[in-house]
Amino acid sequence: MEAKKKDIRALTKKQLRDFFVKQGDKAFRGNQVYEWLWQKSAHSFEDMTNVSLETRQMLEDNFVINHIKVDQMQRSSDGTIKNAVRLHDDLVVESVLIPTATRTTACVSSQVGCSLDCRFCATSRLKRMRNLNPDEIYDQVVAIDNESRLYHNRPLSNIVFMGMGEPLMNYNNVLKAIDKITSPEGLGMSPKRIVVSTSGVPKMIKKMADDKVKFKLAVSLHSAIDEIRTSIMPFNATFPLSDLREALQYWYAATKNRITYEYVVWDAINDKRKDAEALVEFCKFAPSKVNLIEYNPIDDGEFQQAHSKAIDMYVSVLEANNITVTVRRSRGKDIDAACGQLANKS
Ligand code: SF4
């Protein structure tokens, strides 16, 4: 029965080579199949045209390729595309293509639902069902790359792990996916064009430093005052700012990479001067960049974007302290594809 067959993409290259040797074939056949799976993104064994019919049948008898299926694609008036992606067990996640004048960025999901509980985020209302496998993350990137070529006439240039889920809660699979995406035996993208965005899991930030990862780190901070941060991101009670800061110091000492903070300013929550000054204090220990992100209200309207005067105040306080700051307009609002809006509503 199909369901009992193993997903061939769970095998390493060595395991694939060993499998062929066990079948009395040559080990290099494993290399060929590996290339079809990870470089040419084959959806079926039939696609593997330089492999004999007999071998393809043998693979069919032993394995499946659990490829994702883009169930629904929505295109925004600003060129943003949102994919509802069906997984082999019928669960659904979302991923987004964000085009700008100079780049096309894939925003990919790492979990079905999320185990964290950020109160401003639509995904937090979905129960965390499971982690995504490396191939399911990789497939989202390939699907978006194809759409980028088709609708924007250029390949995908950047990837951010800012879709559904907390990537550092699915660390091993995220790392394996990035390996396939960046390896010359995979998609060959530069790790410098990949950003893993975390809500701040101190232990895992330190692990990333120890693992000497080459991709970039962004932290969804949203407040540098514990009381306020805990009220909007309740897990901050478990991982307070002092722990996060210590982990980021460790990360900076190991990588010397500038730290990016994602930060939304909400009306009557974190829009005062003392909030901006606390952010400056928090950033001081390492070269930092702050992205002030426009907020897209979710159903209950509890969180509202701050007035532009508050954003201007943040910009001037940060700039006065030599901290790079960018104000980011959100994209794809009309299709619920903007930051914090991914909730399988399509
Ligand atoms: S913001 Fe990210 S970490 Fe927080 S609940 Fe949403 S998906 Fe999870």
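Here the structure is a predicted model, which is why all the values come from computation and not from measurement. All ligand and atom numbering here is 1-based and tracks the order in the structure.
- Gln15 pairs by the side chain to side chain contact (heavy atoms under 4.5 Å, CB included) definition with Leu11, Thr12, not counting sequence neighbours.
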Atom pairs and distances, donor-acceptor, side-chain atoms in residues 153-160, under 3.5 Å, two or more places apart:
residue	atom	partner	partner atom	Å
Arg154	NH1	Thr100	O	3.1
Arg154	NH2	Thr100	O	2.8
Ser157	OG	Thr104	N	3.0
Ser157	OG	Thr104	O	3.0
Asn158	OD1	Arg193	NH1	3.4

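- Taking the charged nitrogens against the carboxylate oxygens, Asp210 and Lys206 have no contact shorter than 4.0 Å, which rules out a salt bridge.
- With sequence neighbours excluded, no residue forms a salt bridge (Lys or Arg N to Asp or Glu O under 4.0 Å) with Glu319.
- Checked by atom type and distance alone, the side chain of Tyr138 pairs as donor or acceptor with a backbone atom of Trp38 at under 3.5 Å.
- Electrostatic pairing of Glu185 and Lys13 counts as a salt bridge here, judged by a charged N lying under 4.0 Å from a carboxylate O.
- The set of protein atoms (N, O or S) found at less than 2.8 Å from atom 6 (Fe) of ligand 1 reads Cys121 SG, by chain and number.
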